[in-house]
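Positions are given from 1 along the sequence.
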Amino acid sequence: MSSPARFDRGHTDDLMTFLTASPSPYHAVANAAERLEKAGFRQLSESDAWDSGTGGRFVLRGGALIAWYVPEGASAHTPFRIIGAHTDSPNLRVKPLPDTGSQGWRQVAVEIYGGTLLNTWLDRDLGLAGRLSLRDGTDRLVNVDRPLLRVPQLAVHLDRSVNSDGLKLDKQRHMQPIWGLGDAREGDLIAFLEEEEGLPQGSVAGWDLMVHSIEPPAYLGRDRELLAGPRMDNLLSVHAGVAALAAVSTSGKLDHIPVLAAFDHEENGSQSDTGADGPLLGNVLERSVFSRGGSYEDKARAFAGTICLSSDTGHAVHPNYAERHDPSHHPRANGGPILKVNVNQRYATDGSGRAVFAAACERAGVPWQTFVSNNSMPCGTTIGPITAARHGIQTVDIGVAILSMHSARELCGSDDPFLLANALLAFLEG
């Protein structure tokens, strides 16, 4: 008998709050940490010695978070059950020398981050958010969540062929947002942010800043069956993972250690100290083993029994481009989470992984679907194959089917976020 759903539409309402409050990876992990602290988890410093006690813990590094819950009776070789996700989304990021302009317009110099759909950033009211690094060695999160920037499109009168020949955007020339009139002045943008944050002039030494659409998430359609919003790739999975980990920490006896690994930099290859191809997850899992008195042999035993669900968004069948999808695999909105398969290891799923995911969905009473790419189309990838290869642990790629992936504003079924959360919870419960 499958268990009843634990999360409902209230989970999707809460996802909308989380998306709005998380315009950057740094905000996302800060908000995730706050939720975990309310559930009884406590933050550890990587530079401190770790104790062997039970309970929930997490570490933060930049835009990444690793959280885990050690149950009563856990041994040094107790295996892990991991939910993997990522905190970053394709967008426009501020360059080291941000103050620029042309023809009497003041502009902000930006670099393209990840595989963003450039046209979706045109003619939107944009805010600015991220992390300021101060001269005293501390960091400060900043979020100017009001109309500040805009990337204006060329009027159709000056590009008569745009609707017949298509829009062609040069990443350098056409994507620099405006934010005022007059001549560019060096230091102007950072001075503005210092004033916004009430910081002394000249106190900011470095920054990691990005633009975001200020339009909030919203239910869409006659029956509110759809959810439109920013950064669902992949904060939808981060939010579901936080909810599942917090819930499982109160569920009673576990024979494994549940983990949430939310990485940064997935959208540009994961090769960083906070990315899935870096050492962060392996270091945390090893230190967890060693803090409980374990040896290398215990670590090897724990990793051999570990399973990871790599949760990232996938492609729902598009009503206007159905020919771009595999003819027999058409994931639909509100059809439940998808199992992502690619025999060339762009996804890490195999037959035994399919069985693990199917069992979790059955226990949760959640429907599920399968995604595979059209053979004529290149297949994207995720942190799944990286996690499997780097750590030698069984990994299964899953997610929620969406439209408009990598747009400034994406679209999913409004039931799918809580269906995913229920499947993740069942997986962590084991």
Side-chain angles (χ1 to χ4, degrees), residues 2 5-7 11 15 80-87 232-245 247-248 258-263 266 270 276 281 306-317 325-326 329-343 345-373 379-388 391 393-403 405 410 412-413 415-430:
S2 61
R6 281 85 158 186
F7 302 108
H11 175 88
L15 169 62
F80 302 93
R81 284 209 163 204
I82 304 169
I83 296 170
H86 68 87
T87 62
M232 288 195 282
D233 178 12
N234 186 34
L235 294 187
L236 188 157
S237 294
V238 174
H239 175 260
V242 170
L245 182 61
V248 80
V259 179
L260 170 65
F263 299 104
E266 189 271 349
S270 296
L281 176 61
T306 292
I307 305 172
C308 174
L309 287 191
S310 167
S311 182
D312 201 350
T313 54
H315 302 293
V317 61
H325 300 265
D326 182 83
H329 295 77
H330 283 178
R332 299 179 183 274
N334 289 334
I338 56 174
L339 179 75
K340 302 159 80 169
V341 179
N342 180 266
V343 295
Q345 292 302 295
R346 301 293 285 173
Y347 303 129
T349 306
D350 61 11
S352 61
R354 173 191 172 102
V356 170
F357 178 65
C361 289
E362 182 178 351
R363 287 194 300 273
V366 167
W368 60 279
Q369 311 173 81
T370 304
F371 171 82
V372 65
S373 287
C379 181
T381 190
T382 69
I383 64 168
I386 295 171
T387 303
H391 305 293
I393 57 180
Q394 182 181 16
T395 303
V396 188
D397 274 297
I398 67 163
V400 163
I402 70 172
L403 293 181
M405 186 183 294
E410 297 160 326
C412 74
D415 292 346
D416 283 327
F418 68 80
L419 294 176
L420 173 67
N422 286 322
L424 296 181
L425 176 54
F427 165 73
L428 291 184
E429 288 176 336

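Atom-to-atom distance recorded for E266:CD and S310:OG is 8.0 Å, nearest 0.5 angstrom. The distance from atom OG1 of T87 to atom CG of N234, rounded to the nearest 0.5 Å, is 9.0 Å. Note that OH of Y347 and CG of D312 are 8.0 Å apart. Values are rounded to the nearest 0.5 Å. To the nearest 0.5 Å, atoms CG (L403) and CD (E410) are separated by 10.0 Å. The structure places CD1 of I82 at 10.5 Å from CG of L428, a figure rounded to the nearest 0.5 Å. The CD1 atom of I393 lies 9.5 Å from the CZ atom of F80; values are rounded to the nearest 0.5 Å.
When all heavy atoms of I338 and P331 are compared, the pair lying nearest together is CG2-CB, 3.7 Å. The two residues A421 and F7 come nearest to each other via the heavy atoms CB-CD1, 3.5 Å. Counting all heavy atoms, side chain and backbone alike, P337 lies closest to C361 at CG-SG, 4.4 Å. Closest approach of A360 and A423 over heavy atoms only: CB-O, 3.9 Å. Nearest approach of A364 to N422, heavy atoms of both residues: CB-O, 3.5 Å. In plain terms, the two heavy atoms of T395 and G384 that are nearest each other are CG2-O, 3.6 Å.
Looking at residues two or more places apart in sequence or on another chain, you find a ring pair (Phe, Tyr, Trp, His ring centres under 6.0 Å) between F371 and H315. Under the ring pair (Phe, Tyr, Trp, His ring centres under 6.0 Å) criterion, H239 pairs with H11, F18, not counting sequence neighbours. Legend: residues meeting salt bridge (Lys or Arg N to Asp or Glu O under 4.0 Å) with D326, ordered by chain and number and at least two apart, are absent. Under the ring pair (Phe, Tyr, Trp, His ring centres under 6.0 Å) criterion, F357 pairs with W368, not counting sequence neighbours. Annotation: side-chain hydrogen bond (donor to acceptor under 3.5 Å, both in side chains) contacts of Q394 (sequence neighbours excluded): S352. With sequence neighbours excluded, the residues satisfying side chain to side chain contact (heavy atoms under 4.5 Å, CB included) with S311 are S237, I398, L420.
With a 4.5 Å cut-off on side-chain heavy atoms, L309 and L424 count as touching. Looking at Q369 and L339, their side chains never come closer than 4.5 Å, going by heavy atoms from C-beta outward. Considering only heavy atoms from C-beta on, R354 stays 4.5 Å or farther from D350 through its side chain.
In this structure a side-chain-to-backbone donor-acceptor pair under 3.5 Å is missing from R332 to A316. One N or O on the side chain of T349 and one on the backbone of K340 form a donor-acceptor pair closer than 3.5 Å. A distance-only check finds a donor-acceptor pair linking the side chain of R363 to the backbone of A426 [under 3.5 Å]. Judged purely by atom type and a 3.5 angstrom limit, R346 uses its side chain to pair as donor or acceptor with the backbone of C379.
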- Task: List the steps and the verdict of side chain to side chain contact (heavy atoms under 4.5 Å, CB included) for D233 and H86.
- Result: CA-CA 8 Å; D233 178 12; H86 68 87; 3.2 Å; yes
- Task: Show your working on side chain to side chain contact (heavy atoms under 4.5 Å, CB included) between V238 and L236 and close with a plain yes or no.
- Result: CA-CA 6 Å; V238 174; L236 188 157; over 6 Å; no
- Task: Determine, step by step, whether L245 and I83 satisfy the side chain to side chain contact (heavy atoms under 4.5 Å, CB included) criterion, reporting the C-alpha distance in whole Å, the side-chain angles of both residues, the deciding distance to 0.1 Å, and the verdict.
- Result: CA-CA 9 Å; L245 182 61; I83 296 170; 5.9 Å; no
- Message: Go through it in stages, so that I can follow the logic: the residues are C308 and V396, the test is side chain to side chain contact (heavy atoms under 4.5 Å, CB included), and I'd like the CA-CA distance, side-chain angles, deciding distance and then a yes or no.
- Response: CA-CA 6 Å; C308 174; V396 188; over 6 Å; no
